[in-house]
Amino acid sequence: MLDIQQLRTGLDDVVQQLAKRGFAFPADAFNALEAERKKIQTQTEELQAQRNAASKKIGQAKAKGEDVTAIMNEVAHLGDALKQAEAHLDQVKNDLQKMLLEIPNLPHASVPEGKDETHNVQMRTWGEPRRFDFDIKDHVSIGEGLGLLDFETAAKLSGARFSLMKGGLARLHRALAQFMLDTHTQEHGYQETYVPYLVSRDSLLGTGQLPKFEQDLFAVNAGGADSTGAPEYHLIPTAEVPITNMVRDEIVPLNALPLKYVSHTPCFRSEAGSYGRDTRGLIRQHQFDKVELVHIVHPDRSYEALEQLVGHAEKILQKLGLPYRVMTLCTGDMGFSAAKTYDIEVWLPGQNAYREISSCSNCEAFQARRMQARFRSENGKPALLHTLNGSGLAVGRTLVAVLENYQNADGSVTVPEVLRHYMNGLDQLRNSEQNANKI
RNA sequence: GGAGAGAUGGCCGAGUGGUCGAAGGCGCUCCCCUGCUAAGGGAGUAUAGGCACAAAAAGCUUAUCGAGGGUUCGAAUCCCUCUCUCUCCGCCA
């Protein structure tokens with residue numbers, strides 16, 4: 001959420017900045033609402049002040065045992081007018097709030113201007129894509145070839161865009177998550193957290209998924225789909241939601257900053273509207289695992305923290321020996337809550353392309369304002385925090401990258417050195433009688 | 001799921017219709033005193049808005065005692081609904 005003060009005092013600038021990210025701010029509607037708000041609020045508060053003063057007088061008079069009918073008459077007519085004014089004010093404020101909640105964050109000055117992902121700017125690359133002297137397969141063929149990846153059965157269980165992994169592949173998936181968690185907690189100073197996978201609407205409002213992106217979420221009702229009323233819970237689309245909301249309505253002591261949390265969770269996305277893209281394989285699923293990094297920081301430190309955050313995510317790819325590049329997203333490609341975003345894209349030989357595996361964003365005070373997440377600042381006053389989040393990394397896509405980059409001519413896959421410890425020393429996934437064995 | 005108790009400021013805790021944004025304590029900040037320390041004395045110490053102003057300060061004003069609604073001239077206090085916490089019972093991984 002943007003600062004309404006900023007809209008009142010510098011609307012033109014805000015409109016211009018939002019235009020850069022392709023958002024048309026309804027300035028006229030805002031100005032009209034704001035003018036009305038001002039009028040009604042003044043009027044309402046005037047009436048309230050009258051009432052309060054009269055009530056006080058009544059109280060004082062009664063205490064002295066005086067007759068109060070005169071004052072009572074004086075105040076009697078206020079009731080209806082006040083009620084009406086209050087209702088009107090509520091409505092106008094609600095409309096304003098609704099408008100405010102649907103406005104995306106302003107891009108940071110350093111963000112390149114552009115319409116879509118073709119205007120993202122490459123910052124750096126790491127590693128050399130490996131040369132293969134055999135015909136390479138994509139991860140689907142590799143996984144199915146091993147007898148360890150089974151989309152058909154997953155479809156039977158749930159439908160499209162779900163996956164079933166078995167044996168060494170399921171274990172490799174787990175190993176990746178463990179490895180990421182261990183690295184971030186032991187080397188990067190994050191506190192491991194276990195969080196709810198079902199969250200309230202308030203939490204989703206806080207991080208910006210609601211009210212605008214309800215279509216992308218899965219909703220859950222206790223007692224089944226035909227239960228009446230609004231959904232009680234939503235499945236988390238990312239651990240960013242529960243982790244960041246830990247500080248909602250809190251005032252964090254200055255000396256507790258920065259807070260750095262990591263959590264491994266499943267993520268659930270309906271991805272409405274993206275059908276037809278990445279229909280094959282593990283790239284785009286309704287359910288996937290992710291290790292999420294969140295920083296809650298002092299506003300002066302958030303861009304410093306963003307660089308660290310990206311570095312921590314990169315470290316995982318480096319240790320796994322997976323080539324990648326880091327992109328700064330342009331204004332038109334950034335997410336709703338972000339002021340600046342770096343994407344990390346890993347090299348996928350099966351697609352002969354770099355594909356997003358991590359997205360690291362500084363949301364500045366955008367989420368904090370929605371959440372009323374504050375810290376007690378140097379002058380003793382509460383001030384809004386800055387929040388950042390980033391994948392460190394998307395586990396499913398990392399698995400894809402490992403399969404494709406570490407594939408061998410005979411269809412086997414070499415287990416990266418750093419993961420063997422988590423695989424009981426196993427150094428290769430290969431097909432076997434056992435793997436091929438039915439369900 | 002059943003029965004009961006509760007939710008007040010950074011924390012503890014008083015307050016059952018009026019001058020209460022809220023006693024008292026703790027903590028914190030500043031000052032005084034004390035040759036260090038400890039003890040003592042004094043003052044201050046919620047948040048978010050609005051108005052006005054070029055802006056800040058001061059000022060005026062509104063809201064907030066878990067949330068929402070209601071009764072009333074007036075609600076922390078009375079009524080209703082909800083949420084959460086705790087205790088006991090049941091069930092359950």
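By convention in this document, chain letters (A, B, ...) are assigned in the order of the sequence lines, proteins followed by strands, and residues within each chain are numbered from 1. For the numbers below, each heavy atom of this structure counts, side chains included, while hydrogens, waters and symmetry mates do not. In this text, all values refer to a predicted model and were calculated from it rather than measured experimentally.
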Interatomic distance, [X] [atom1] vs [N] [atom2] [rounded to whole Å]:
X	N	atom1	atom2	answer
A:R51	B:G18	CZ	P	16 Å
A:L254	B:U29	CG	C1'	15 Å
A:I58	B:A75	CD1	C1'	14 Å
A:Q43	B:U62	CD	P	16 Å
A:R376	B:G27	CZ	P	17 Å
A:E34	B:G49	CD	P	13 Å
A:Q48	B:C51	CD	P	15 Å
A:K62	B:G17	NZ	C1'	9 Å

Would you classify [X] as touching base, sugar-phosphate or nothing, given that sugar-phosphate means primed atoms plus P, OP1 and OP2, and contacts are heavy atoms under 4.0 Å?
X	answer
A:A54	nothing
A:K57	nothing
A:E250	nothing
A:R374	sugar-phosphate
A:P253	nothing

So, OP1 or OP2 of B:U45: does either fall under 4.0 Å of a side-chain N or O from A:K381? no
Taking N and O atoms by type only, does the side chain of A:E45 place a donor or acceptor under 3.5 Å from a partner on the base of B:G49? yes
Residues forming a salt bridge (Lys or Arg N to Asp or Glu O under 4.0 Å) with A:R21, sequence neighbours excluded: none
For A:K56, all residues meeting salt bridge (Lys or Arg N to Asp or Glu O under 4.0 Å), sequence neighbours excluded: none
RNA chain B: A:D3 or A:N52, which has the more 5' nearest nucleotide? A:D3
Of A:L82 and A:Q5, the one whose closest nucleotide on RNA chain B sits nearer the 5' end is A:Q5
What distance, rounded to whole Å, do you find between the two [atom1] atoms, one in [N] and one in [M]?
N	M	atom1	answer
B:C73	B:A14	P	33 Å
B:A75	B:G70	C1'	11 Å
B:A23	B:C11	P	16 Å
B:G59	B:G6	C1'	42 Å
B:C91	B:G69	C1'	35 Å
B:G24	B:A56	P	34 Å
B:G2	B:A93	C1'	22 Å
B:C86	B:C12	P	15 Å

Charged N to carboxylate O below 4.0 Å: is that the case for [X] and [Y]?
X	Y	answer
A:K315	A:E187	no
A:R37	A:E34	yes
A:K290	A:E240	no

Looking only at non-hydrogen atoms, find the nearest pair between A:M423 and A:A175 and report the distance. SD-CB, 3.8 Å
Shortest non-hydrogen pair, A:T44 vs A:L82, comes out as O-CD1, 3.9 Å
Quick one: the dot-bracket string of RNA chain B, using Watson-Crick and G-U wobble pairs with both distances under 3.5 Å, [ ] for crossing pairs and | for bases paired to another strand. ((((((((.[[[..)..(.....]]]((((((.......))))))((((((.......)))))).[[[[[..)....]]]]])))))))....
Shortest side-chain distance from [X], nucleotide among [options]:
X	options	result
A:A49	B:C73, B:G49, B:U62	B:U62
A:K83	B:U47, B:U71, B:U19	B:U71
A:P382	B:U47, B:G18, B:U19	B:U47
A:R37	B:C51, B:U19, B:G18	B:C51

Quick one: does A:F375's side chain get under 4.5 Å of A:I296's, heavy atoms only? no
Identify which one of A:Y261, A:Y190, A:Y303 satisfies the ring pair (Phe, Tyr, Trp, His ring centres under 6.0 Å) criterion when paired with A:H295. A:Y190
